[in-house]
Amino acid sequence: MREYTPSSIESKWQAEWARREAFRAGRADGQKYYLLEMFPYPSGRIHMGHVRNYSIGDAIARFRRLQGFDVLHPMGWDAFGMPAENAAIKHKVHPAKWTRENIAYMREQLQKMGFSYDWKREVATCFPEYYRWEQKFFIELYRKGLAYKRMSVVNWCPACMTVLANEQVEQGLCWRCDTPVEAKELEQWFLKITAYAEELLADLDKLADGWPERVLTMQRNWIGKSVGAEIRFDVADSDESITVFTTRPDTLFGATFVSLAPEHKLVEKLIAGRPEAAAVQAFVARVKAMDKIERTAEGGEKEGVFTGAWAVHPLDGRRIPIWVANFVLAEYGTGAVMAVPTHDQRDFEFSAKYGLDRIVVVQPEGEPLEPAAMKQAWDGPGTLVRSGAFDGMPGDEAKWAIAAELEKQGKGKKSITYRLRDWGISRQRYWGAPIPMIYCAKCGVVPVPEDQLPVTLPEDVEFTGEGGNPLARNRSFYETACPTCAGPARRETDTMDTFMESSWYFLRYCSVDESQAPFKREDVDRWMPVDQYIGGIEHAVLHLLYSRFYTKALRDLGYIGADEPFARLLTQGMVIKDGAKMSKSKGNVVDPDELIGKYGADTARMFSLFAAPPEKDLDWSDRGVEGAHRFLNRLWNTIMTHRDAVLSAGPVQAAELDEGLKTIRRQVHKTLQKAAVDIGERFHFNTAIAAVMELLNALTDDLNRRGSLTGTAAAVYREAFTFLLFMLNPIVPHVTEELSAELGMAPLCDSRWPAADAEAARDEALEIPVQVNGKLRGKITVPVGTGRDALIALAQAEPTVRGWVEGKDVVKIVAVPDRLVNIVVKG
RNA sequence: GCCCGGAUGGCGAAACUGGCAGACGCAACGGACUUAAAAUCCGUUGUCCCGCAAGGGACGUGCGGGUUCGAUCCCCGCUCCGGGCACCA
């Protein structure tokens with residue numbers, strides 16, 4: 001008998017699938033199914049996280065094909081990014097070369113895994129054929145007012161003269177030279193994602209069926225809608241005024257001071273010429289010097305300083321002091337807060353520290369609140385007091401009444417604020433898509449004309465890691481002519497955030513060969529939205545939110561019809577080994593190549609899917625891998641041993657089967673039903689595999705008893721083996737193809753999932769537990785569908801049960817047909 | 001500090017809608033085959049107690065309560081672990 005040799009089987013079938021173009025989208029005439037896994041960054045080699053992610057996706061893709069769907073299952077490369085530039089600096093290799101070589105190597109690795117991609121649709125984002133469309137989108141967004149430029153703070157290393165990403169800042173120091181990182185203001189490009197805040201929030205409801213609840217929650221919190229009011233406080237003895245945002249306009253009469261963010265524009269004006277000026281400036285400088293992490297550190301101390309200026313309460317005319325406080329954020333709301341110590345905990349703490357006034361204006365039921373005796377702020381419901389005309393009004397009603405009054409007097413209005421901020425896309429780096437804009441001294445900011453796109457990256461660049469963006473030092477790149485006046489002009493040298501590429505790659509896959517447009521409308525209309533998207537939970541907010549925004553923006557530019565890119569989302573867990581995420585620094589990495597070399601791709605796929613359900617973290621175990629491999633060997637040996645007997649068998653004649661064969665066949669058909677649900681609906685491959693293992697165990701037991709296969713038994717086993725191969729095919733495609741060929745079947749990649757025979761799968765009898773007072777005391781075997789009364793009678797007749805019930809009062813009997821009987825007794 | 005998850009045998013897990021807790025796999029132990037080992041095959045395996053045995057009982061899903069005939073599952077209050085964070089007015 002032939003032995004199971006994964007390496008020869010796997011390369012044979014990979015070649016055969018390629019020859020047949022088995023995975024080309026548009027081949028079948030079934031309903032479309034767009035299955036997408038997040039594309040990888042070409043870092044050099046694939047890791048176990050990739051193996052897991054793509055094994056999950058491939059099992060679904062192959063199952064859908066078996067079901068007759070026309071499946072689009074593409075793969076590509078998120079190819080721009082910092083590591084390529086770092087490699088260029090370190091190893092003196094051009095980012096383009098480095099990236100191209102990595103892609104070639106990783107593509108081969110993925111092909112060795114036997115993933116069923118339509119490789120004709122491969123996309124790499126670093127090529128002009130891809131990013132030229134991104135440049136076109138950018139210009140159109142600019143024309144629509146959705147892309148704009150403004151000053152913004154970046155991490156700056158004064159020694160390297162370069163901008164650092166957050167991840168390049170380690171404890172406030174530059175990762176390369178340990179110089180303290182500075183905050184530096186640069187003019188940068190932004191996309192107005194905030195214009196879509198309301199739709200991005202509202203449409204999360206449309207995703208409720210297909211997305212994990214926690215991802216929806218995270219996105220909702222990220223968008224962070226707050227409904228409240230903007231209120232204007234005039235500055236006493238001045239023409240200036242301060243607008244605050246509050247979600248609690250009902251507490252307006254309790255405001256005893258105003259707090260400004262250290263970055264607030266008015267701070268300088270307010271302190272000019274006052275004795276407090278020096279102290280305030282020192283405080284502002286100190287807060288600004290703290291990096292973001294420090295400023296928001298655990299248990300952060302609330303600190304502030306009085307400006308010397310006073311504000312006038314908009315409704316009762318009281319003069320209240322204006323402070324600068326470290327916990328007020330310039331980017332949120334208006335950068336200014338009205339402080340109500342009695343009803344806001346932060347203000348309460350602040351007032352305690354600096355001895356500021358407290359006035360109670362919301363009185364809960366019961367004992368009146370006494371400001372001096374309060375241990376913490378009261379932010380619960382109550383009735384208004386000391387609030388002039390609004391006294392006696394419930395808080396939630398007073399909120400809008402006060403907002404309305406302010407609006408009438410021109411001192412405020414209802415307002416909605418989002419936490420979401422615009423998307424900064426400028427990167428002062430080489431290895432990205434150039435932002436297609438030109439600066440002319442005469443004409444200002446001018447987009448690159450469409451017929452001059454793409455703006456491509458120059459090749460003759462040196463990477464030293466010093467002196468900032470190489471593009472900004474490359475004269476032949478940045479020197480250009482103004483498209484409007486033809487005078488000398490300077491090209492934008494910033495490139496785009498790499499999230500720009502990943503925000504629309506799923507559209508490009510739909511018509512990857514199109515050269516006149518980013519994609520064909522009819523292709524996108526056919527395939528979009530992605531029916532199932534799969535990737536890591538770490539992308540729960542940024543990538544998934546940017547893609548949603550981009551989809552809506554492209555819809556409004558007239559490119560597509562879809563509102564949402566991803567109908568269903570599966571977030572898979574991390575791959576863990578020895579209690580920690582697999583990573584080079586921890587030295588607990590398992591190399592996929594080694595694994596494939598030793599056991600074959602099928603074993604790697606099988607273990608990845610068997611060890612845990614997709615959404616959970618997967619604990620790597622070398623022993624577990626061996627177990628998976630043992631199973632495949634067992635499958636191989638069992639089928640090959642009985643191949644000849646089964647090959648000569650005819651179809652199953654259900655009427656001729658004895659009880660033993662009927663039982664075997666019942667489990668075969670039940671398992672087929674379960675596998676279809678577990679693989680196709682729940683994506684719980686681990687339980688599907690467990691059920692198949694149970695089936696194989698049962699078949700083996702039966703075969704051991706039986707000795708050899710003849711007649712009707714051979715027919716039953718022919719069907720059993722056939723079904724086994726179908727059930728396992730999405731998970732271990734190579735070995736199942738080989739075995740199906742041995743059994744004379746058509747290639748599985750061209751076959752359809754068999755229909756389970758409901759009659760054959762039907763149970764005749766069931767074992768039902770009998771409880772007494774909720775504790776298991778016996779079991780009865782009854783025909784399926786036995787009614788309540790018969791069930792109760794049988795239960796009471798069961799000897800053990802009788803022993804527990806005898807001499808006691810039966811209070812109640814719960815009987816659920818086909819489930820259980822519970823007899824409740826007393827005494 | 002806030003937000004989001006999680007916790008079930010020696011280990012990974014299962015129990016899908018409130019109905020037999022621990023399927024399946026790993027590890028361990030015993031046996032068969034072998035000169036021997038590996039591989040393979042067969043069997044045992046939640047903890048504790050009674051029993052020579054067949055068998056039976058108690059306990060058991062992080063901890064403490066609650067709802068229910070019945071809770072791994074629902075509710076309240078905690079502990080620990082993991083991930084995220086932007087003091088959000």
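This one's a predicted model, so the numbers in the text were calculated from it and none came from an experiment.
Under 4.0 angstrom from either OP1 or OP2 of B:rC3 there lies no side-chain N or O belonging to A:Arg220. Between A:Arg346 and B:rC88 there is a side-chain N or O to OP1 or OP2 distance below 4.0 Å. Put simply, A:Trp804 has a side-chain N or O that comes within less than 4.0 Å of OP1 or OP2 on B:rG57.
If you check B:rC11 for Watson-Crick or wobble pairing at under 3.5 angstrom, you find it paired to B:rG25.
Contact annotation for A:Gly224: no contact, since no heavy-atom pair falls under 4.0 Å across all strands. Across all strands shown, A:Ser226 has heavy atoms under 4.0 Å from sugar-phosphate atoms exclusively, and none from any base. Heavy atoms of A:Asn697 sit under 4.0 angstrom from primed sugar atoms or phosphate atoms, though from no base atom. A:Met218 comes within contact range of no nucleotide atom at all, as no heavy-atom separation falls under 4.0 Å.
For the pair A:Phe350 CZ and B:rC87 P, the computed distance is 15 Å after rounding to whole Å.
Along RNA chain B, the nucleotide closest to A:Asp347 and the one closest to A:Asn704 are compared, and the more 5′ of them pairs with A:Asn704. For the pair A:Glu213 and A:Phe245, nearest-nucleotide mapping onto RNA chain B gives the more 5' position to A:Glu213.
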>> Can you build the contact string for nucleotides 12-22 of chain B? Use B for base contact, S for sugar-phosphate-only contact, and - for no protein heavy atom under 4.0 Å.
In response: SSSSB--BB--
